[in-house]
Amino acid sequence: MSVVIDPSFDPVPSLTRAVDVRVADAAAVAAAPARACFVPAEGDLPDCECLTGVTRDALAAAGFTGAKNQTIVLPGAQLCVLVGTGAGLETSAGLRDAVAAFTRAAHESPSLALDLSDALLAGIAADEAALAATEGALLARYRFDALKSDPKTVELTELVLAVPGDAQSAAQAGVARGLVLARTAAIARDLANTPPRHLSAVKFAEVIERLAPDFGLEVEVFDRAALIELGTGGLLGVNAGSIEEPRMIKVSYRPADADGHLALIGKGIMYDSGGISLKPSNAMHAAMKFDMMGAGSVFASMTALRELGVSTAVTGWLMCTDNMPSGSATKLGDVLTMRGGKTVEVKNTDAEGRLVMADGLVLATEDASVADRRPDAIVDIATLTGAVMAALGTRTAGMLANNDQVAEQLQAAADLTDENIWRFPLDRRYREQLKSNVADLSNIGGQYAGVILAALFLDEFVDGTPWGHLDIAGTMQAESDDLWRSVGSTGFGARLLVQFADDFVAPAGA
């Protein structure tokens with residue numbers, strides 16, 4: 001290959017960056033190079049040294065009203081950023097946003113400080129406040145600049161969080177968890193932001209094999225020959241037009257005395273051209289390196305499990321290939337035989353994610369590697385349909401499930417991490433649209449209900465196992481910096497899956 005790629009390039013540069021997050025008293029904030037003062041829209045100004053002699057009228061004249069996440073930088077020896085909180089810091093999600101706004105306003109300072117006392121007085125627990133503040137700062141300062149010759153981002157090296165003495169122990173625990181979760185999201189972002197030429201399915205497998213031992217994970221990689229032996233016709237069919245080999249990567253986390261078994265399936269389309277059903281060359285097409293974010297989020301989430309002491313065994317199935325057009329590519333009308341024997345007529349090669357995921361779902365249902373039992377539940381995550389973006393936009397992912405307990409646990413994890421999801425009905429009345437005249441089913445249905453039809457297709461392969469599906473096509477990227485969501489890959493789902501696994505309870509009857 002004539003393209004020159006630096007062999008030393010690291011697709012997960014965030015792992016080499018460390019931030020010293022310290023819990024301290026208020027005096028440490030007063031002495032910091034840059035600090036935040038949180039200002040509500042109404043009432044007295046807070047007791048903050050930066051605001052000595054400042055009135056609301058003066059702030060209003062400068063255009064600052066205290067509206068939610070509004071910022072203004074005050075001149076002085078200490079960089080002081082006023083951050084509007086609207087009605088006040090009432091939730092950990094609101095605090096995370098406010099800290100992110102501060103971090104962006106103080107983007108040239110490597111050292112930041114803030115006082116969490118007001119958040120604690122508002123009823124946010126010390127550990128939750130420290131966790132949210134840690135995530136807000138680290139995720140907002142994230143930037144993927146590994147391929148820039150002269151990156152301009154000022155890395156965050158120090159974050160000081162002030163809390164009262166009796167809350168410092170709890171706050172430190174929150175910081176520890178926040179560091180792990182922020183790192184998890186950064187890994188997912190790194191992987192998805194890496195250009196497809198730099199991160200093929202083969203290279204992705206190599207990265208995972210290198211990193212997995214550091215996080216207490218076991219890895220098994222399946223090459224083309226092994227996939228043929230397994231009969232994974234969906235993954236092989238999507239890969240048929242590519243010169244790059246496919247890979248299925250099985251990642252296992254096995255804590256001592258595991259109290260359950262969870263399977264996670266991640267869509268890993270390293271680049272999606274659409275295949276023979278070629279995508280138009282527009283901005284969405286250029287973003288198709290993000291089509292592996294489901295697999296990236298699954299792996300990233302699993303790097304946190306040992307450190308957080310998760311007691312559930314987790315198995316990740318990463319289904320990885322690119323989807324390219326060529327003389328050998330799968331054609332419209334071709335029939336693929338999936339793992340387990342079901343046949344699928346391909347009516348659109350750009351509906352490829354469900355094909356690779358189907359093989360992973362079947363393999364997960366067959367897996368009895370924990371206590372000789374099938375998984376208690378399966379969750380898949382995929383940048384699956386444009387329909388979910390049309391329905392929910394770019395801030396909320398779609399969720400469907402065949403089990404209410406799985407759905408409720410996913411929703412709870414989404415609420416805690418502020419990675420928003422919305423449940424669609426798994427309306428089986430639409431199943432008729434997936435019928436094929438020549439195969440067991442087709443890979444697309446009618447013009448409408450695309451989110452539901454894609455989930456119904458996947459439902460054909462879970463064999464009744466309690467299952468949840470996350471469609472993250474709309475939330476996979478931020479086109480510009482948005483509070484703690486930095487431009488590029490959002491890493492959506494990585495933190496959510498960690499929370500889900502940490503709190504997981506096997507559904508009744510599983």
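The figures here come from the full heavy-atom set of this structure, side chains too, leaving out hydrogens, waters and symmetry mates.
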>> Is it true that His261 and Asp376 share a donor-acceptor pair across their side chains at a distance under 3.5 Å?
In response: no
> With respect to Met399, which candidate in Leu470, Ile472, Ile381 satisfies the side chain to side chain contact (heavy atoms under 4.5 Å, CB included) definition?
Replying inline: Leu470
> Does any non-hydrogen side-chain atom of Phe457 lie less than 4.5 Å from one of Ile444?
Replying inline: no
> Distance from Asp10 atom CG to Arg210 atom CZ, nearest 0.5 Å?
Replying inline: 5.0 Å
>> Using every non-hydrogen atom in the two residues, find where Arg143 and Thr153 come nearest and quote the distance to one decimal.
In response: CG-OG1, 3.2 Å
> Tell me, which pairs form a side chain to side chain donor-acceptor pair (under 3.5 Å) where one or both residues lie in residues 76-99, sequence neighbours left out?
Replying inline: Arg96-Glu135, Asp97-Trp484
> What pairs meet the side chain to side chain donor-acceptor pair (under 3.5 Å) rule with one or both residues in residues 383-394, with sequence neighbours excluded?
Replying inline: Asp291-Thr383, Thr385-Asp471
>> Filter on salt bridge (charged side-chain N to carboxylate O under 4.0 Å, His left out), then keep only pairs touching residues 52-68, sequence neighbours left out; what's left?
In response: none
>> Looking at Ser486 and Leu139, would you say the former's side chain and the latter's main chain have a donor-acceptor pair under 3.5 Å?
In response: yes
>> Once salt bridge (charged side-chain N to carboxylate O under 4.0 Å, His left out) is applied, do any residues pair with Arg395, and if so which ones, sequence neighbours excluded?
In response: Asp482
>> Under 2.5 Å between the SG atoms: is that true for Cys80 and Cys37?
In response: no
> side chain to side chain donor-acceptor pair (under 3.5 Å): which pairs involve residues 450-459, sequence neighbours left out?
Replying inline: Arg428-Asp459
> Could Arg183 and Asp190 be called an ion pair, given the rule that one side-chain N must be under 4.0 Å from one carboxylate O?
Replying inline: no
>> Just to verify, what does Phe500 make a ring-ring contact (aromatic ring centres under 6.0 Å, His included) with, not counting sequence neighbours?
In response: Phe504
> How long is the gap from CE on Met270 to NE2 on His198, to the nearest 0.5 Å?
Replying inline: 13.0 Å
> Under a 4.0 Å N-O cut-off, is there an ion pair linking Asp150 with Lys148?
Replying inline: no
>> Under a 3.5 Å cutoff, is there a donor and acceptor pairing between the side chains of Asn193 and Ser489?
In response: no
>> Please check: side-chain N/O of Glu479 versus main-chain N/O of Val487, any donor-acceptor pairing under 3.5 Å?
In response: no
> Does the pair Asp214 and Arg306 meet the rule for a salt bridge (Lys or Arg N to Asp or Glu O under 4.0 Å), with working shown?
Replying inline: CA-CA 10 Å; Asp214 295 338; Arg306 182 181 66 178; over 6 Å; no
> Minimum heavy-atom separation for Val19 to Leu156, with atom names?
Replying inline: CG2-O, 3.1 Å
>> Taking Leu112's backbone N and O only, do any of them form a donor-acceptor pair with Ser109's side chain (distance below 3.5 Å, no angle check)?
In response: no
> Taking Gln409 for the side chain and Val505 for the main chain, is one N or O donor matched with an acceptor at less than 3.5 Å?
Replying inline: yes
> Does the pair Arg141 and Glu155 meet the rule for a salt bridge (Lys or Arg N to Asp or Glu O under 4.0 Å), with working shown?
Replying inline: CA-CA 7 Å; Arg141 189 60 65 91; Glu155 292 188 17; over 6 Å; no
> Can you tell me how far OH of Tyr430 sits from CG of Asp427, rounded to the nearest 0.5 angstrom?
Replying inline: 5.5 Å
> Hey, does the side chain of Tyr253 reach the backbone of Ala304 with a donor-acceptor pair shorter than 3.5 angstrom?
Replying inline: no
> How would you list all residue pairs meeting salt bridge (charged side-chain N to carboxylate O under 4.0 Å, His left out) that involve residues 172-181, not counting sequence neighbours?
Replying inline: Arg177-Asp502
>> With a sphere of 6.0 Å drawn around CG of Asp47, does it hold more than 12 non-hydrogen atoms of other residues, nucleotides or ligands?
In response: no
>> Please find the pair of heavy atoms, one from Leu400 and one from Pro425, that lie closest to each other, and give the distance.
In response: CD2-O, 3.5 Å
>> Tell me if a side-chain donor or acceptor on Lys279 pairs with a main-chain N or O of Met288 at a distance below 3.5 Å.
In response: no
> Under 3.5 Å, side chain of Thr490 to main-chain N/O of Thr475, donor-acceptor pair present?
Replying inline: yes
> So, for Val83 and Ala98, which heavy atoms are closest and what is the spacing to 0.1 Å?
Replying inline: CG1-O, 3.6 Å
>> Considering only residues two or more places apart or on different chains, which pairs with a residue in residues 104-118 satisfy salt bridge (charged side-chain N to carboxylate O under 4.0 Å, His left out)?
In response: Arg104-Asp481
> Taking atom CG of Leu264 and atom OG of Ser301, what is their separation to the nearest 0.5 Å?
Replying inline: 5.5 Å
> Is it true that atom CG of Asp44 has more than 12 heavy atoms of other residues, nucleotides or ligands lying nearer than 6.0 Å?
Replying inline: no
> Residues in ring-ring contact (aromatic ring centres under 6.0 Å, His included) with Phe215, at least two apart?
Replying inline: none
> Is there a donor-acceptor pair under 3.5 Å between the side chain of Glu307 and the backbone N or O of Val180?
Replying inline: no
> Phe299 and Ile249: side-chain contact (heavy atoms from CB on, under 4.5 Å), yes or no, with the steps?
Replying inline: CA-CA 10 Å; Phe299 173 67; Ile249 310 162; over 6 Å; no
>> If I compare all heavy atoms of Leu95 with all of Ala119, which pair ends up nearest, and what's the gap?
In response: CD2-CB, 4.1 Å
> After noting the C-alpha distance and the side-chain angles of Leu181 and Arg495, does the key distance pass the side-chain contact (heavy atoms from CB on, under 4.5 Å) rule?
Replying inline: CA-CA 6 Å; Leu181 291 175; Arg495 292 164 50 250; 4.2 Å; yes
> So does Arg485 pair up with Asp418, basic N to acidic O under 4.0 Å?
Replying inline: yes
> Yes or no on side chain to side chain donor-acceptor pair (under 3.5 Å) for Thr65 and Gln70, after CA distance, side-chain angles and deciding distance?
Replying inline: CA-CA 8 Å; Thr65 64; Gln70 183 187 24; 3.2 Å; yes
> Can any side-chain N or O of Ser297 pair as donor or acceptor with the backbone N or O of Gly294 at less than 3.5 Å?
Replying inline: no
> Looking at CG of Leu426 and NE2 of His469, how far apart are the two atoms once the value is rounded to the nearest 0.5 Å?
Replying inline: 9.5 Å
> Does any pair with a residue in residues 18-38 pass side chain to side chain donor-acceptor pair (under 3.5 Å), and if so which ones, sequence neighbours excluded?
Replying inline: Arg22-Glu158, Arg35-Glu49
>> Does either side chain, that of Trp317 or that of Asp380, offer a donor lying less than 3.5 Å from an acceptor on the other one?
In response: no
> Listed by chain and number, what are the ring-ring contact (aromatic ring centres under 6.0 Å, His included) partners of Phe102, not counting sequence neighbours?
Replying inline: none
> So which heavy atom on Ala413 is nearest to which on Leu496, and how close?
Replying inline: CB-O, 3.6 Å
>> Taking side chain to side chain donor-acceptor pair (under 3.5 Å) as the definition, give me every residue that meets it alongside Tyr271, ordered by chain and number, with sequence neighbours left out.
In response: His285
> So Thr134 and Leu131, side-chain contact (heavy atoms from CB on, under 4.5 Å) or not? Walk me through it.
Replying inline: CA-CA 5 Å; Thr134 302; Leu131 187 156; 5.9 Å; no
> Between CG of Leu416 and CD of Glu419, what distance do you get to the nearest 0.5 Å?
Replying inline: 11.5 Å
